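The structure appears right after this line, and notes come after that.
The sequence lines fix the lettering, A, B, ..., with proteins before strands; numbering per chain opens at 1. Owing to the predicted nature of the structure, the values given are computational and were not obtained by experimental measurement.
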Amino acid sequence: MADIKARIAARAAKEFKDGFVANLGIGLPTLVANYLPEDVHIVIHSENGFTGLGSVANKGEEDYRVINAGGGWVTYMPFANFFGSEESFSIIRGGHLDATVLGAMQVDEEGNLANWIVPGKMVAGMGGAMDLVVGAKKVIIAMQHTQKGAPKILKTCTLPLTAQKCVDMIITEMCVMEFKPEGLTLTELHPDFTVEEVKAVTEADFIVADDLKAMEED
Amino acid sequence: MKNKIVTAAEAVAGIKDGDTIMVSGFLGTGSPEILLDALVEKGVKHLTLIANDGGLRAEFTGTTDKGVAKLITAGMVDHIIASHIGMNPDIGNGALAGTMKYTLYPQGTLAEKIRAAGAGLGGVLTPTGVGTIVAEGKETLTIEGKEYLLELPLHADFALCRADYCDTFGNFAMLKATKNFNHVMAMAADTVLLASEQVFEIGEKDPDFYQVAGVYIDYIVKGEQPWQI
């Protein structure tokens, strides 16, 4: 499991260019920052109100004024800037975020995303997720390909949407898929899997890219 | 100049049963704890609470409730208007039990609804929520080919805000990630209460020392403390 998460995070990290401003969701997406090449430095946006998020604060060195969006004590970079929620979300919706990486419960072949609510279960709330996927220039979904074997990449999302037609790329332990003008396209395949194996656990129809590449080894 | 300096008990004295209050803070960071403590002490009921989230309960902080969790624990809130309630299970449990209800907005939408009220705007147009259950019952407009939701202003009877420092006029500033909803909420309520760690005399500091105009502030309470981790 740890290997799968590392594989997904490492592949997502390859999407980042030096100087990118990005928001990384809680959990697996946060790991992406650990896999950036040495020559790629990004500015991490924390939606509770700053750019220049550092890492988890060491015990005893926490600053009571500095938390991340999950409520954890964190550090900030020398180039950080702090602002209110109105500006934080202006940065998000205003097109100033190059990318966001988030998890998903479901993605469908239209690029619709569901990742915030399951009817009948306790509701947490969307927080900043809806704004992020609408506002970021590139929306990367980093997730395991199935939910205990059940497909998560569907023909049509059955859960309430977070946003419609917002996803640009899906990265799983099996493959990379991209939303292109011609439709959902398998662009990279991990050497452990075949196209048929991906099809077997993907409900959505997808095109196999003519120049299908190997998803690089961990 | 009118004296705005009062005790915490005096500041919250006007808040009554059934009022709508907005309280700044993000999981408690940037919340005016001394005002919340005074409001719990006063003990009003049936509040509608506008806040980003439900604060943090004592089990999470390891010490005491943080932020608006204090009001929810005390059973003072009938309705919370927020963007995220998952970190305070009392809200979901209260909704199941029928003792509390919640209304959710995307976080950026919540900030802009509050700002709209404070800025005298009739609403804001946001692409966030289009095509989702957030759009249900709301007007949409298409502008230059893109669809937007009309989100209406959100106003309160009282706003409870927190500053790191202010002057006795109410000009104030917030440091690091305590800013969150403080500025927009200070603009969007009939009566605005400000708790500050430090209070300077008027003229003691250059005007540029402060970030937000004191014209929004009605009452100032000294003695807000750093959160003890």
Side-chain angles (χ1 to χ4, degrees), chain A residues 46-50 53 57 59-74 76 80-94 110 112-114 116-117 119 121-135 157 159-166, chain B residues 24 26-30 52-56 60-61 66 82-87 89 91-93 95-96 102 104-112 114-115 118 126-135 147 164 174-185 211-212 225-229:
Chain A
S46 191
E47 66 263 31
N48 55 308
F50 61 112
L53 175 69
K59 200 149 183 61
E61 295 174 12
E62 302 96 334
D63 179 338
Y64 76 95
R65 298 184 178 99
V66 186
I67 59 165
N68 63 11
W73 306 111
V74 292
Y76 56 91
N81 190 259
F82 292 87
F83 32 73
S85 300
E86 71 283 12
E87 183 168 355
S88 184
F89 284 83
S90 297
I91 287 172
I92 292 170
R93 285 186 315 263
E110 296 292 316
N112 297 317
L113 169 68
W116 79 281
I117 188 171
K121 291 203 175 174
M122 200 80 103
V123 174
M126 70 291 278
M130 286 190 174
D131 297 284
L132 279 166
V133 297
V134 165
C157 288
L159 295 172
L161 297 185
T162 307
Q164 56 188 11
K165 297 181 181 172
C166 63
Chain B
S24 67
F26 193 108
L27 297 173
T29 294
N52 179 61
D53 52 70
L56 292 178
F60 190 96
T61 64
K66 187 177 188 188
S83 80
H84 197 276
I85 55 172
M87 298 282 277
I91 300 169
N93 289 330
L96 281 176
Y102 59 80
L104 293 168
Y105 293 107
Q107 205 166 107
T109 299
L110 184 66
E112 287 301 323
I114 296 166
R115 202 186 75 82
T126 177
T128 305
V130 169
T132 75
I133 58 176
V134 169
E147 198 175 356
D164 281 278
M174 310 138 293
L175 303 182
K176 307 279 169 47
T178 66
K179 295 184 174 75
N180 53 70
F181 285 81
N182 275 298
H183 190 162
V184 288
M185 287 185 173
Q211 300 159 342
V212 183
Q225 299 294 319
W227 181 261
Q228 299 301 311
I229 297 167

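Salt bridge annotation for A:Arg93-B:Glu112: present, with a cationic side-chain nitrogen under 4.0 angstrom from a carboxylate oxygen.
No part of A:Ala80 comes within reach of chain B, as not one of its non-hydrogen atoms sits under 4.5 angstrom from that chain. For B:Asn52, no part lies under 4.5 angstrom from a heavy atom of chain A. For B:Leu110, no part sits under 4.5 Å from any heavy atom of chain A, backbone or side chain. Within the 4.5 angstrom heavy-atom criterion, no atom of B:Met174 approaches chain A. Contacts between A:Ser46 and chain B at a heavy-atom distance below 4.5 Å are absent for every atom of the residue. Using a 4.5 Å cut-off between heavy atoms, A:Ile92 does not touch chain B at all. Both the backbone and the side chain of A:Asp63 come within contact range of chain B, judged by heavy atoms closer than 4.5 Å. Using a 4.5 Å cut-off between heavy atoms, A:Glu87 does not touch chain B at all. Looking at A:Met126, both its backbone and its side chain come within 4.5 Å of chain B, counting heavy atoms on both sides. B:Thr126 touches chain A through its side chain: at least one heavy atom from C-beta onward sits under 4.5 Å away, while N, CA, C and O do not.
Between the OH atom of A:Tyr64 and the NZ atom of B:Lys66 there is a distance of 10.0 Å, given to the nearest 0.5 Å. In this structure, CD in A:Glu86 is found 9.5 Å from CG in B:Asn180, a value given to the nearest 0.5 Å. Note that NZ of B:Lys176 and CG of A:Asn48 are 13.5 Å apart. Values are rounded to the nearest 0.5 Å. With values rounded to the nearest 0.5 angstrom, B:Phe26 atom CZ is found 5.5 Å from A:Glu47 atom CD. A distance of 8.0 Å separates OG in A:Ser85 from CE in B:Met185, rounded to the nearest 0.5 Å.
At least one side-chain heavy atom of B:Leu104 sits under 4.5 Å from a side-chain heavy atom of A:Trp116.
A pairwise comparison of heavy atoms in B:Ile133 and A:Ile117 identifies CD1-CD1, 4.3 Å as the closest pair. Between A:Phe82 and B:Ala177, the shortest heavy-atom contact is CD2-N, 3.4 Å. Shortest non-hydrogen contact noted between A:Asp131 and B:Gly108 is OD2-N, 3.0 Å.
Per-residue counts of heavy-atom pairs under 4.5 Å with chain A were compared for B:Gln211, B:Met87, B:Gln107; the largest is that of B:Gln107. For the options A:Phe50, A:Phe83, A:Phe89, heavy-atom pairs under 4.5 Å to chain B are most numerous at A:Phe89. Ranked by heavy-atom pairs under 4.5 Å with chain A, the list B:Gly92, B:Pro226, B:Ala111 is led by B:Pro226. Put simply, of B:Pro106, B:Gly131, B:Pro127, the one with the most heavy-atom pairs under 4.5 Å next to chain A is B:Pro106. With chain A as the partner, the residue from B:Leu96, B:Thr132, B:Leu27 showing the most heavy-atom pairs under 4.5 Å is B:Thr132.
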request  = For side-chain contact (heavy atoms from CB on, under 4.5 Å), just list the numbers for B:Tyr102 and A:Val123, CA-CA rounded to whole Å, side-chain angles, deciding distance to a tenth of an Å, and then say yes or no.
outcome  = CA-CA 10 Å; B:Tyr102 59 80; A:Val123 174; 3.4 Å; yes

side-chain contact (heavy atoms from CB on, under 4.5 Å) between B:Thr109 and A:Met130, intermediate numbers included = CA-CA 10 Å; B:Thr109 299; A:Met130 286 190 174; over 6 Å; no

